[in-house]
Student: 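Mind having a look at this structure? Questions to follow.
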Amino acid sequence: MPELPEVETVRCGLVPVMEGALILRAEVNRPDLRWPLPDRMAERLTGATVVTLRRRSKYILVDLSSDETLLIHLGMSGRMLISGPAVTSGKVLGQFYHDHPAPQKHDHIILIMDSGARITFNDARRFGMMDLMPTHAADQHKLLSGLGPEPLGNGLNAAYLALRFAGRATPIKSALLDQHLIAGLGNIYVCEVLHRAHIAPTRLTGSLTQTEIARLVPLIRDVLTEAIAAGGSSLRDYRQTDGELGYFQHRFRVYDREGEPCPTPRCKGTITRITQSARSSYFCPICQL
DNA sequence: AGGTCAACCTGAGCGC
DNA sequence: TGCGCTCAGGTTGACC
């Protein structure tokens, strides 16, 4: 159930197991996830060494020694499970990992590394995706080329947002979810950002003042940075238990808190849930204007 | 052109 | 226990 912080957490967890390691074997248990998997996927992965793991928006990019890049999206329910003795790049991490677990329903792709580590991609809802493309052309991939700037990079600033928000008749909630505008925010963190910014999710982007737009930028960074930090710390706990990456307990101020008191100091409001473009928005009608 | 919405899937949780 | 219903953190593409 990944937004940018969860994907980054997964990427960081995979780095010590995958970077520098060779893919001994790939098991591809079905022909498609959301879309058909790439042709001859197992053969093309076999024998390749993982050079780097990168992230763009909610995508993980695995650069291989074969000059191809494996593109991974976890969709709504995609999970990565690390198992087995994880010896890689001379670092022994084996004590953090369980033995290989029994196969589970929805284990769609399994990568067996030369270290003995095994990475299992499990995705019940199958909204995830994988693709393979030449590394030099990765940026031009159809799913990546139209993405907006990274929210934690320099490309996101008040001037950029003001330009993209001007004259549009979209609710701010929808605009912040639009990956072509900003790449990486999802439903939870948009709710959290708007609450901190005291902006109602129903406000139209064109109605936002320069002050409000300027307020959004650092709050977007704060919310994501805090979530990544929380993921990083709980990641250690998960390794000690079952090797599963990316699902951590994180306290949200408004998400999934319908009916609870607004956490804003001195605010007497109650968190309310409304539906916008078929997604739940949680906000405080008193302090978010 | 810009905005909204159904569709893709399975599973969890809840009321009856 | 079980059935039926609703909802779920994403994204595309068809439609207004």
Student: Would you say A/Arg25 has more than 12 foreign heavy atoms packed within less than 6.0 Å of its CZ?
Tutor: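 No - once you tally the heavy atoms of other residues, nucleotides and ligands closer than 6.0 Å, there are 12 at most.
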Student: Write down the distance between CZ (A/Arg79) and P (B/dT10), rounded to a whole number of angstrom.
Tutor: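 It works out to 16 Å between those atoms.
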Student: Mind checking if A/Ala124 touches a base, just sugar-phosphate, or nothing, with heavy atoms under 4.0 Å?
Tutor: sugar-phosphate
Student: Is the phosphate of C/dG9 approached by A/Arg279 (side-chain N or O, under 4.0 Å from OP1 or OP2)?
Tutor: yes
Student: Establish whether the base of B/dC9 is bridged to the side chain of A/Arg126 by a donor-acceptor pair shorter than 3.5 Å.
Tutor: no
Student: Do any N or O atoms from the side chain of A/Gln276 and from the backbone of A/Pro201 form a donor-acceptor pair under 3.5 angstrom?
Tutor: yes
Student: Between A/Tyr255 and A/Tyr282, what is the ring plane arrangement, given parallel below 30°, perpendicular above 60°, and tilted in between?
Tutor: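 Perpendicular.
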Student: Using the closest heavy atom to pick a nucleotide of DNA chain B for each, name whichever of A/His106 or A/Arg34 lands nearer the 5' end.
Tutor: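 Of the two residues, A/Arg34 wins.
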Student: Report yes if some heavy atom in the side chain of A/Ile119 is under 4.5 Å from a heavy atom in the side chain of A/Ile112; otherwise report no.
Tutor: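 No. Closest side-chain heavy atoms not under 4.5 Å.
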Student: Stacking here means centres under 5.5 Å and planes under 30°; does A/Phe127 stack on B/dC8?
Tutor: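 It does: the ring sits over the base of B/dC8.
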Student: May I have the distance from A/Leu185 (atom CG) to C/dT11 (atom P), rounded to whole angstrom?
Tutor: 11 Å
Student: Nearest whole angstrom, please: distance from the C1' of B/dG11 to the CG of A/Asn122.
Tutor: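 Interatomic distance, CG of A/Asn122 to C1' of B/dG11: 12 Å.
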Student: Can you find a side chain N or O atom of A/Lys58 that sits less than 4.0 Å from OP1 or OP2 on C/dT11?
Tutor: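 For A/Lys58, the contact criterion (side-chain N or O under 4.0 Å from OP1 or OP2 of C/dT11) is met.
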Student: With respect to A/Phe165, which candidate in A/Leu181, A/Leu204, A/Thr170 satisfies the side-chain contact (heavy atoms from CB on, under 4.5 Å) definition?
Tutor: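 The single option meeting the side-chain contact (heavy atoms from CB on, under 4.5 Å) with A/Phe165 is A/Leu181.
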Student: A/Met129 has an atom CE; how far is it from atom C1' of C/dT11, in whole Å?
Tutor: 11 Å
Student: Rounded to whole Å, please give me the gap between CZ in A/Arg203 and P in B/dG3.
Tutor: 16 Å
Student: Should A/Lys142 be listed as having a side-chain N or O under 4.0 Å from OP1 or OP2 of C/dG13?
Tutor: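 For C/dG13, OP1 or OP2 has a side-chain N or O of A/Lys142 closer than 4.0 Å.
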Student: Kindly say if A/Gln179 contacts the phosphate of C/dG10, meaning a side-chain N or O under 4.0 Å from OP1 or OP2.
Tutor: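 For A/Gln179, the contact criterion (side-chain N or O under 4.0 Å from OP1 or OP2 of C/dG10) is not met.
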Student: Say you pick atom C1' in B/dG3 and the same atom in C/dG9; how far apart are they, in whole Å?
Tutor: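 One C1' to the other, the span is 23 Å.
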Student: After noting the C-alpha distance and the side-chain angles of A/Ser77 and A/Asp123, does the key distance pass the side-chain hydrogen bond (donor to acceptor under 3.5 Å, both in side chains) rule?
Tutor: CA-CA 5 Å; A/Ser77 55; A/Asp123 183 11; 2.6 Å; yes
Student: Scan A/Leu177 against the nucleic acid and name what it touches under 4.0 Å (heavy atoms): base, sugar-phosphate only, or nothing.
Tutor: nothing
Student: From the set C/dG9, C/dC7, B/dG3, return the single nucleotide nearest to any side-chain atom of A/Ile188.
Tutor: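 So the nucleotide nearest the side chain must be C/dG9.
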Student: Phosphate oxygens OP1/OP2 of B/dT10: is one of them under 4.0 Å from a side-chain N or O of A/Lys105?
Tutor: no
Student: On the nucleotide B/dT10, are OP1 or OP2 found under 4.0 Å from the side-chain N or O atoms that A/Ser77 carries?
Tutor: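 For B/dT10, OP1/OP2 do not have a side-chain N/O of A/Ser77 under 4.0 Å.
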Student: How far, in whole Å, is B/dC9 from C/dA14 if one measures between their P atoms?
Tutor: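 Result for the P pair: 16 Å, nearest Å.
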Student: Rounding to an integer number of angstrom, what distance separates B/dA1 and C/dT11 when you compare their P atoms?
Tutor: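 It comes out at 24 Å once rounded to the nearest Å.
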Student: Under 3.5 Å for both donor-acceptor distances, Watson-Crick or wobble: does B/dC9 have a partner, and if so which one?
Tutor: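 Per the H-bond distance test, none.
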Student: Using purine N1 to pyrimidine N3 plus N6-O4 or O6-N4 for Watson-Crick, or N1-O2 and O6-N3 for G-U wobble, each under 3.5 Å, what pairs with B/dA1?
Tutor: none
Student: Locate the shortest heavy-atom distance separating A/Pro2 from A/Leu74; write the atom from each residue and the value.
Tutor: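 That closest heavy-atom pairing would be CG-CB, 3.4 Å.
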Student: Taking the side chain of A/Pro171 as its heavy atoms from C-beta onward, which of C/dA8, B/dT4, C/dT11 lies nearest to it?
Tutor: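 Given the options C/dA8, B/dT4, C/dT11, the side chain of A/Pro171 is closest to B/dT4.
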Student: When you measure from the side chain of A/Asn187, which nucleotide among C/dG10, B/dT4, C/dA8 comes out closest?
Tutor: C/dG10
Student: Any side-chain N or O of A/His73 below 4.0 angstrom from OP1/OP2 of C/dG10?
Tutor: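 Looking at the OP1 and OP2 atoms of C/dG10, neither is under 4.0 Å from any side-chain N or O of A/His73.
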Student: Specify the separation, in whole Å, of atom OH of A/Tyr255 and atom P of C/dG9.
Tutor: 4 Å
Student: In whole angstroms, how far is the P atom of B/dT10 from the CG atom of A/Asp123?
Tutor: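 Taking atom P of B/dT10 as the reference, CG of A/Asp123 is at 11 Å.
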Student: Could you check how far CZ of A/Arg168 sits from P of B/dT4, rounded to whole Å?
Tutor: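 Answer to the nearest Å: 9 Å.
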